[in-house]
Amino acid sequence: MSTAVLEEKHSESPSQPPVINDFSIHVATANGSGSMSSNNILMRAIFQMGIPVSGKNLFPSNIQGLPTWFTIRASKDGFVARRRDVGVLICMNPETAHEDVRTVTPGAAVIYEESLKLDTLRNDVIFYPVPFQKLVLELVSDGKLRRLAVNMIYVGVAAWLLGIEMAEIEKAVARQFKSKAAAVEINMKAIRGGLEWAEKNLAKRDAFRFERMNATAGKIIIEGNAASAIGCMMAGVQFLAWYPITPSSSLAESLIDYAGKYRLDPETGAPTLSVVQAEDELAALGMVLGAGWAGARAMTTTSGPGISLMAEFTGLGYYAEVPAVIVDIQRVGPSTGLPTRTMQGDITSTYNLSHGDARHILLLPGSVQECYSMAMDAFDLAERFQTPVFLMSDLDLGMNNWMADPFPFSDRPLDRGKVLRTKEELDAHIAKFKEFARYRDVDGDGIPWRTLPGFIDAPAATYFTRGSGHNERATYTERPDDYKNNMDRLARKFETAKSYVPRPAVSDGTGARVGIIAYGSSDFAVEEARGLLGRKGLATDYLRLRALPFTPETTAFIAAHDRVYVVDQNRDGQMYDLLRLEIGGDTSKLRSIRHYDGFPLDAETVIEGIEAGEKN
Amino acid sequence: MSTAVLEEKHSESPSQPPVINDFSIHVATANGSGSMSSNNILMRAIFQMGIPVSGKNLFPSNIQGLPTWFTIRASKDGFVARRRDVGVLICMNPETAHEDVRTVTPGAAVIYEESLKLDTLRNDVIFYPVPFQKLVLELVSDGKLRRLAVNMIYVGVAAWLLGIEMAEIEKAVARQFKSKAAAVEINMKAIRGGLEWAEKNLAKRDAFRFERMNATAGKIIIEGNAASAIGCMMAGVQFLAWYPITPSSSLAESLIDYAGKYRLDPETGAPTLSVVQAEDELAALGMVLGAGWAGARAMTTTSGPGISLMAEFTGLGYYAEVPAVIVDIQRVGPSTGLPTRTMQGDITSTYNLSHGDARHILLLPGSVQECYSMAMDAFDLAERFQTPVFLMSDLDLGMNNWMADPFPFSDRPLDRGKVLRTKEELDAHIAKFKEFARYRDVDGDGIPWRTLPGFIDAPAATYFTRGSGHNERATYTERPDDYKNNMDRLARKFETAKSYVPRPAVSDGTGARVGIIAYGSSDFAVEEARGLLGRKGLATDYLRLRALPFTPETTAFIAAHDRVYVVDQNRDGQMYDLLRLEIGGDTSKLRSIRHYDGFPLDAETVIEGIEAGEKN
Amino acid sequence: MSSTAEPKAPPVNRVGLTVKEYGGSKSTLCVGCGHDVITRQITQALYEMSIPPYKVAKMSGIGCSSKTTAYFADRGHGFNAVHGRMPAVATGAMMVNPSLLAVGVSGDGDTASIGAGQFVHMLRRNVPMVYIVENNGVYGLTKGQFSATADAGSKLKTGVVNDLPAIDLCAIAIELGCGYVARSFSGDMKQLVALLKGALAHRGTALLDVISPCVTFNNHDSSTKSYKWAKEHEIPIQEIGFIPFYEEISVDYEPGTTQDIELHDGSHIRLRKLRADYDATNKAQALALCQEAQEKTEFLTGLLYVEPTKKDFLELSGLSRDPIVTMPETKFRPPKKALDEIMESLK
Amino acid sequence: MSSTAEPKAPPVNRVGLTVKEYGGSKSTLCVGCGHDVITRQITQALYEMSIPPYKVAKMSGIGCSSKTTAYFADRGHGFNAVHGRMPAVATGAMMVNPSLLAVGVSGDGDTASIGAGQFVHMLRRNVPMVYIVENNGVYGLTKGQFSATADAGSKLKTGVVNDLPAIDLCAIAIELGCGYVARSFSGDMKQLVALLKGALAHRGTALLDVISPCVTFNNHDSSTKSYKWAKEHEIPIQEIGFIPFYEEISVDYEPGTTQDIELHDGSHIRLRKLRADYDATNKAQALALCQEAQEKTEFLTGLLYVEPTKKDFLELSGLSRDPIVTMPETKFRPPKKALDEIMESLK
Ligand SMILES: Cc1ncc(C[n+]2csc(CCOP(=O)(O)OP(=O)(O)O)c2C)c(N)n1
Ligand SMILES: Cc1ncc(C[n+]2csc(CCOP(=O)(O)OP(=O)(O)O)c2C)c(N)n1
Ligand code: SF4
Ligand code: SF4
Ligand SMILES: [Mg+2]
Ligand SMILES: [Mg+2]
């Protein structure tokens with residue numbers, strides 16, 4: 001039994017202390033070479049051994065043949081952020097092999113195709129040459145299957161090297177190939193082949209290995225986009241218009257998949273989610289506004305370039321007050337930028353999207369759980385405030401694999417906002433307020449009431465929606481006072497939103513003088529950084545923003561600390577700027593940490609930023 | 001001679017002190033009724049009498065039949081901002097007559113169509129009923145011409161009432177109708193008819209009149225859009241792509257007119273300005289980028305909605321580094337808003353236009369002179385910095401009539417920026433820097449060198465322009481360091497721009513503790529407000545911003561004062577926010593004055609804002 | 001009903017409404033603008049078709065033409081979108097509430113210039129709506145610049161000449177398979193109201209390209225979009241009769257000279273051919289006709305092409321006609337068990 | 001020249017360059033992608049036409065197809081614009097420097113979906129450029145969703161079916177008066193290279209709609225854009241020969257079966273008809289042909305329509321061919337006198 005074998009071999013291994021369940025495996029391949037399944041199987045097997053894992057796919061903006069890296073981070077303490085140091089490198093891509101080897105940490109284990117002769121490159125890492133090409137010829141008869149099978153061989157080798165239990169690998173394989181017997185068999189054959197060859201021919205000399213623990217029981221692994229898709233579906237989204245764009249396409253596509261199963265009318269079998277693949281993002285948002293105006297929970301999902309194209313329609317939605325949910329899976333901009341790299345670069349432009357005076361509600365999910373729950377919040381807020389609401393996720397959160405507890409079902413009643421749906425509701429409204437005036441602030445919260453086209457057969461029910469000047473009765477006006485009153489009401493409405501948006505997540509009260517403010521996918525690196533800083537004796541409090549506009553907690557948090565570091569994954573310190581505007585007065589206690597090279601944020605960057613700041 | 005007559009009549013007028021050359025005439029008509037020529041004639045005649053004037057047209061967003069107001073402000077001190085109080089009202093529009101009368105200042109003179117019977121409305125104003133309809137029947141035989149001629153009658157009546165010299169009116173009429181004898185004759189007949197009727201039937205009882213002075217000799221009257229058009233033409237603009245939109249169309253149209261006369265190749269007679277009326281603003285900017293990339297001085301002109309549609313292409317221009325001049329004649333937004341009302345609402349969205357990290361150069365003309373000169377600056381800056389540059393004018397500046405000194409000719413050599421046009425230049429560059437690398441910062445100012453398609457027949461001359469990740473050699477990259485280096489260089493380039501953009505206009509050193517910061521068309525009201533505040537004993541210093549990014553003068557100015565009032569013509573205090581971000585640290589000395597009802601800013605608003613602020 | 005009405009009382013239609021009750025707010029367009037004439041015909045058609053006004057969704061973009069949706073049926077909701085983007089907004093609304101009757105009014109600039117892309121995709125999808133282009137060859141609201149439907153060689157009052165060929169919206173629509181394509185003239189009220197009724201009864205996109213002179217900027221003699229020119233050059237290809245589903249239809253017509261088309265609601269369109277053997281149901285013929293008209297710069301009006309059985313976007317998308325917006329929450333909000341199932345699959 | 005070249009040396013063209021010197025950087029597309037085949041034909045055509053590579057302006061949008069402009073003629077400048085908006089960028093460049101030869105490469109998503117509006121207006125303006133659509137019916141770069149040229153009923157590997165009709169880019173182009181409209185297949189290299197040469201010699205927009213299979217997402221059997229389907233269904237309507245202006249042209253051909261078209265630079269296209277009496281210069285016939293092909297879902301390739309004398313956008317705009325960008329400053333910067341004159345008029 002392989003683990004047994006491992007035990008002995010380990011006894012032979014040199015003195016360096018073993019590293020257990022706390023390192024990263026870095027697999028370098030070319031995209032389109034089918035390595036994805038192998039990597040998933042590795043990750044799954046480790047996960048099933050009860051070890052916390054996260055998986056990050058660093059892929060190029062093309063479809064086949066360019067370098068791709070998949071990193072599996074195992075962390076007994078449950079840290080999931082990107083980590084700079086690499087414990088185990090699996091080198092399958094000749095193009096990048098040399099650079100890949102150069103960048104691993106001393107002491108790392110490097111599995112590579114023998115013929116690449118990498119072992120001359122360094123002498124501070126442990127090399128495991130493997131004759132992958134030879135092995136695959138022996139193991140797989142069908143030539144067509146070899147390109148994929150070769151990737152399974154490294155699974156076997158890694159299993160041997162790191163002590164991944166074969167039983168779990170088998171489970172993972174079965175799951176991966178939906179137990180298609182043939183596929184399962186040939187892949188297992190390749191994996192076993194790799195493992196057996198390694199047993200016979202390799203001696204374990206590195207320090208890395210896995211040992212079963214019990215930290216993943218009952219947990220799920222999911223991508224943020226799938227989580228958001230589930231959230232949208234559970235929130236009862238009724239209309240989706242979208243235009244394909246990386247990294248947001250997978251959100252629309254998994255929503256369509258799930259809806260195909262869970263959103264069919266029980267009686268008629270007809271879909272209860274209407275989907276349009278629009279001709280572009282401009283049209284997509286136009287359709288969403290049409291559907292929202294008609295009374296549907298409507299959404300679109302896109303990335304930066306789409307957000308830019310939605311600027312005009314967003315202004316219409318804000319000013320004519322039409323609910324809409326817009327998901328922005330942020331990628332590296334400006335312009336086309338790096339479509340397959342991550343960033344938090346759209347904060348400023350989205351918060352102020354549109355010419356003229358406009359402000360929008362932004363939700364900032366910081367985990368896959370929140371990709372799910374905030375998707376639901378977004379629809380409630382959009383209908384409550386009759387305005388476009390943006391869910392600001394990013395590529396790291398959206399397209400990478402994250403471990404999480406199963407999402408809780410929400411039986412919170414949907415907030416459909418101030419809508420007069422029936423003649424009775426309309427009459428009651430009129431009885432109370434004399435008339436129905438679409439844009440009148442009868443409740444003092446800045447939010448007017450609305451009717452829906454075709455719902456009520458009564459002259460008093462209708463109004464005219466327009467992006468040009470309108471008064472409380474929704475009739476055309478160019479009067480200065482009408483315009484100003486309306487814009488002031490919109491500002492009042494935005495004030496009201498502050499008591500509805502998700503509150504920030506605050507961990508303080510430790511008496512620490514240093515505070516950290518971050519948002520979105522930065523959370524993982526920040527939490528890890530706090531841990532490490534703590535061990536170094538630097539205590540920090542932490543506030544994670546979960547929405548714009550800001551809420552009082554944030555100003556209070558800043559007031560309560562001497563120095564507050566704001567972590568942005570963009571060049572211009574976009575959230576840092578918005579925070580400075582928010583607190584006003586003396587802003588000098590705020591400091592900016594910026595990460596913007598397209599890679600997910602890592603703890604080191606945060607630590608370096610804070611330590612540098614604390615020196616001066 | 002009419003003026004003689006006037007003199008006596010005036011002796012009869014009541015005791016209230018005469019108001020000379022310092023009041024506003026408010027003409028209320030319906031648009032499409034042809035009153036524009038009459039108003040121009042009035043304004044011109046007063047101007048020719050040496051009296052400083054300005055003319056503001058408050059028109060609706062339709063073509064015919066809705067209320068329009070034209071205000072001629074005469075100010076011996078040369079103040080030209082909007083003024084709330086109205087001295088003389090000419091009431092030609094029954095629809096608005098009652099409200100118009102209600103809003104004039106006590107003591108005002110009200111000329112109106114007899115049959116409207118307005119004289120019962122108030123007893124604190126002086127009414128001059130005139131039987132316009134009767135008169136026009138007598139004076140004009142041709143029925144078709146009466147609709148227009150009736151407006152000439154009020155010119156005559158006003159001439160008598162206010163002492164406008166007939167000789168100047170004749171000049172103005174000749175000018176207006178390009179001395180088309182027939183037109184001149186019938187219009188003069190109507191004017192004289194009005195004047196003579198007034199002489200016979202009215203007695204001057206109000207205090208307002210004009211007296212010749214000598215403050216306008218050699219001056220011109222022009223709209224800001226025409227001024228910018230002249231600037232663009234003189235700057236040698238080679239390509240214009242535009243899509244019609246109020247209030248910017250007249251800029252494109254007068255540029256086309258002027259170019260038709262002054263921009264034909266002397267040899268071939270062919271145009272040296274290429275013009276495309278694009279299908280929309282998105283395409284317009286795309287064309288401009290194409291032309292700028294090919295080496296032309298290229299521009300587009302638009303307003304808010306167009307700016308929103310240009311967001312994606314602007315990001316491409318910023319990131320791929322292509323020169324472009326974009327004129328934004330701001331109107332009231334968001335969305336369609338009030339197309340015929342003025343605002344400074346696009347500052348934030350334009351400064352940050354595009355998703356991702358982006359910052360743009362904005363020029364802020366504060367007069368027609370600057371509409372002219374900054375149009376020229378814009379092209380130099382765009383080519384120097386290889387980036388989109390925005391000229392931020394507005395409807396008030398762009399479409400209203402302003403008095404100015406004739407524009408000075410600029411023989412400053414055009415700054416075509418860092419372009420390698422010939423094989424020789426390329427070879428020299430390579431000799432100096434080893435190679436031509438499109439995006440390498442060889443000079444340390446963040447600005448790289450560029451070549452133009454089709455100019456140099458040499459492999460080393462070409463490069464590939466793209467909005468996706470590129471390294472110094474303009475080849476595709478997804479490397480984190482390449483991306484970061486490039487974005488850092490762009491930030492450096494923006495730093496360099498600070499020493500090239502127009503400096504603010506500062507008037508300080510008075511030892512005043514209170515400072516005012518304003519920009520664009522706010523200047524007129526601010527200057528007037530300073531004068532009035534001064535008389536009230538409140539001395540103010542003043543800094544007028546002329547561009548973004550900010551330059552050191554601005555920070556210094558703020559540092560040098562206890563309280564600085566920032567005047568914005570928008571709801572959100574957009575420039576106020578950018579200034580708070582600029583100075584950082586303690587921002588509490590900055591205070592925001594906001595005007596956003598669609599009317600041009602007036603001095604009272606500024607005074608009220610400052611006085612309110614100074615109370616606390 | 002109308003028969004039983006009081007002698008004095010104004011006539012009412014089958015839903016008991018007078019034509020007045022299909023009116024809207026006062027027009028702010030120029031006196032004599034072709035658009036106002038079309039507004040009246042739309043009002044009339046809605047009335048005569050007895051359409052419950054509250055079910056009418058009035059869609060438009062930006063322009064003088066686009067303003068007109070405020071001038072009729074103010075008992076229905078209206079949506080004045082941004083310039084050139086009405087098709088998207090209408091698509092979204094109709095996909096969630098097909099019980100609405102979308103009446104879209106646009107201009108030639110709004111449709112053929114900035115709107116060309118959305119126009120093409122609306123047609124391709126066959127979005128259920130009446131789409132009226134009030135075509136005057138210029139941008140009226142921005143003071144008369146040429147649009148993409150201005151004929152080559154036509155001249156503005158200012159002397160500016162248009163050098164580019166006109167986009168033939170009908171030809172494009174036919175090419176893209178639109179099932180109801182008509183050209184008309186705001187001066188030809190009888191024809192227009194008949195075409196409008198047919199359009200209201202049609203399922204899928206019904207395009208009406210209506211020449212509608214801009215009296216202020218494009219009604220002079222050198223214009224090919226003036227009342228004068230249109231009156232002098234209009235050549236109707238059919239005499240158009242509309243028989244609503246609730247009326248008996250006479251069967252006595254000579255098949256050769258008359259074409260009878262049944263629409264999905266059972267209404268009929270009767271085309272008395274003025275052009276021998278022109279078959280309005282034949283796509284190839286329709287395309288050839290447009291082509292011929294372009295070459296000869298003929299102004300042919302009538303129902304150029306009709307294909308009443310085409311699937312609209314809802315059918316193509318497999319949606320039921322039961323509006324998604326009126327479904328009970330239970331139908332569009334999945335139960336806990338659905339979520340649990342998904343969570344299981346992710347463990 | 002090539003005759004005088006050393007035996008060993010690779011052949012060179014009339015401007016003394018080898019075909020290698022028309023190459024670009026290494027393709028990053030999938031092995032077997034149709035686009036790479038087209039890239040090779042473009043390279044070949046540029047070489048055979050002896051076009052000075054530094055005069056080539058390579059224009060594209062965003063997509064796998066749009067990437068390919070980096071894979072040929074890297075001695076020319078390239079501009080990879082934003083998605084769907086290449087026509088505008090090309091228009092601006094050509095209007096200020098018509099001495100460039102614009103070669104645009106786009107995809108079906110880039111052109112027919114997001115780009116439909118700009119595509120229409122580029123055609124209407126007859127912007128001088130070669131516009132190649134590498135048509136695979138899907139969005140390759142975003143992993144294979146259907147585009148607007150996917151045929152109704154075609155199915156993805158995932159089982160997703162496309163319900164909407166395909167936009168026929170050639171039919172639209174002909175309708176809008178494009179002067180050179182061809183359809184081809186990346187598998188038919190001989191035809192493609194001939195059509196490309198003709199396009200390079202044509203003045204005005206030359207559209208090539210080239211079926212170019214996406215081997216990764218749309219090359220399966222249920223696809224109508226696969227190599228297999230295209231090979232099996234391609235019906236060339238002509239055999240195409242290209243005779244450059246500098247070569248003698250033989251006059252011996254039978255007018256009935258062969259059509260000879262002279263292009264503005266004196267080159268000739270020889271069309272040997274495979275379809276009796278199809279006249280590629282007849283717009284009505286061309287439209288009818290497309291219509292017929294759509295109905296029968298026939299895959300007809302060849303030069304569908306050609307009208308070599310149409311004015312391009314420069315002529316229509318009254319611009320000279322002398323590039324504005326190379327004019328001396330004195331020609332585009334008015335003298336003081338001009339300004340003074342204007343100022344006088346404003347006093
Ligand atoms: C994005 C945008 N660009 C430009 C405009 C300015 N604009 C308003 S209406 C219009 C054209 C209207 O022409 P058309 O659609 O033919 O309507 P018409 O006025 O002729 O009836 C334009 C360009 C706008 N409102 N929005
Ligand atoms: C504004 C914008 N929206 C979406 C995208 C994402 N995107 C990149 S390429 C592409 C489609 C490409 O399809 P096609 O033009 O057919 O090229 P192909 O890859 O099939 O050759 C899309 C939707 C984008 N880059 N920009
Ligand atoms: S400008 Fe033309 S289109 Fe507009 S309302 Fe007047 S006449 Fe009609
Ligand atoms: S995805 Fe398809 S289109 Fe893109 S490169 Fe691969 S085969 Fe070609
Ligand atoms: Mg029009
Ligand atoms: Mg494609």
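Numbers restart at 1 for each chain; the letters A, B, ... are given by sequence-line order, proteins then strands. Only this structure's heavy atoms are used, side chains among them; waters, hydrogens and symmetry mates stay out.
A salt bridge between D:Glu341 and B:Lys261 is present, with a side-chain N of the basic residue lying under 4.0 Å from a carboxylate O of the acidic one. Looking at B:Glu279 and D:Arg124, no side-chain N of the basic residue comes within less than 4.0 Å of a carboxylate O on the acidic one, giving no salt bridge.
Side-chain atoms of D:Asn80 and B:Tyr476, non-hydrogen and from C-beta on, never get closer than 4.5 Å to each other. No side-chain heavy atom of D:Lys331 sits less than 4.5 Å from a side-chain heavy atom of B:Arg263. The closest side-chain heavy-atom distance from B:Thr451 to D:Tyr54 is not below 4.5 Å. For the pair D:Ile342 and B:Phe407, the minimum side-chain heavy-atom distance is 4.5 Å or more. Annotation: side chain of B:Lys219 is not in contact with side chain of D:Leu346 (no heavy-atom distance under 4.5 Å). Inter-residue side-chain proximity for B:Leu282 and D:Gln118 is flagged as met; some heavy-atom pair is nearer than 4.5 Å. Within the 4.5 Å cutoff, no side-chain heavy atoms of B:Phe239 are placed close to those of D:Ile324. For the pair D:Lys347/B:Pro406, a side-chain contact is recorded, criterion being any heavy-atom separation below 4.5 Å from C-beta on.
Residue contact with chain B, scored on non-hydrogen atoms closer than 4.5 Å, is absent for D:Pro52. Only the backbone of B:Leu273 comes within contact range of chain D, judged by heavy atoms closer than 4.5 Å. Using a 4.5 Å cut-off between heavy atoms, D:Met327 contacts chain B through its side chain alone, with no backbone atom that close. Using a 4.5 Å cut-off between heavy atoms, B:Gln277 touches chain D through its backbone atoms (N, CA, C, O) alone. Contacts of B:Glu267 with chain D are made by side-chain atoms alone, with heavy-atom separations under 4.5 Å and no backbone atom involved. Within the 4.5 angstrom heavy-atom criterion, no atom of D:Ser25 approaches chain B. Both the backbone and the side chain of B:Met233 have a heavy atom closer than 4.5 Å to some heavy atom of chain D. Of the atoms belonging to B:Thr475, not a single heavy atom falls under 4.5 Å from chain D. Both the backbone and the side chain of D:Ser320 come within contact range of chain B, each with at least one heavy atom under 4.5 Å from a heavy atom of that chain. For chain D, the nearby parts of B:Phe455 are the backbone and the side chain; heavy atoms of each come within less than 4.5 Å. Looking at B:Ala296, both its backbone and its side chain come within 4.5 Å of chain D, counting heavy atoms on both sides. Only the side chain of B:Tyr372 comes within contact range of chain D, judged by heavy atoms closer than 4.5 Å. Heavy-atom distances place both the backbone and the side chain of D:Ala70 under 4.5 Å from chain B. If you measure heavy-atom distances from D:Asp74 to chain B, the contacts under 4.5 Å come from the backbone alone. Proximity to chain B (any heavy atom under 4.5 Å) is shown, for D:Pro53, by neither the backbone nor the side chain. Of the two parts of B:Ala298, neither the backbone nor the side chain holds a non-hydrogen atom closer than 4.5 Å to a non-hydrogen atom of chain D. Heavy atoms closer than 4.5 Å to chain B are found in the side chain of D:Glu329, but not in its backbone. Of the two parts of D:Val325, the backbone and the side chain both hold a non-hydrogen atom closer than 4.5 Å to a non-hydrogen atom of chain B.
Note: D:Arg321 CZ to B:Thr268 OG1 = 13.5 Å, rounded to the nearest 0.5 Å. Taken from CG in B:Asp265 to CG in D:Leu319, the straight-line distance is 11.5 Å, to the nearest 0.5 Å. Separation of atoms CZ (D:Phe313) and OG (B:Ser274) is listed at 7.5 Å; rounding is to 0.5 Å. The CZ atom of B:Arg466 sits 11.5 Å away from atom CZ of D:Phe79, with the distance rounded to the nearest 0.5 Å. One distance of note links CE of D:Met95 with CE of B:Met287; it measures 9.0 Å at 0.5 Å rounding.
In terms of non-hydrogen atom pairs under 4.5 Å with chain D, the most contact-rich of B:Leu452, B:Thr216, B:Val276, B:Thr462 is B:Thr462.
Between D:Pro334 and B:Phe409 the shortest heavy-atom distance is O-CE1, 3.7 Å.
Heavy-atom proximity under 4.5 angstrom to chain B picks out D:Lys58, D:Met59 from residues 58-68 of chain D.
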>> Determine whether D:Thr69 and B:Phe464 satisfy the following criterion, side chain to side chain contact (heavy atoms under 4.5 Å, CB included), listing intermediate values before the conclusion.
In response: CA-CA 9 Å; D:Thr69 49; B:Phe464 196 88; 3.3 Å; yes
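Here B:Tyr463 and D:His77 bring their ring centres to under 6.0 angstrom of each other.
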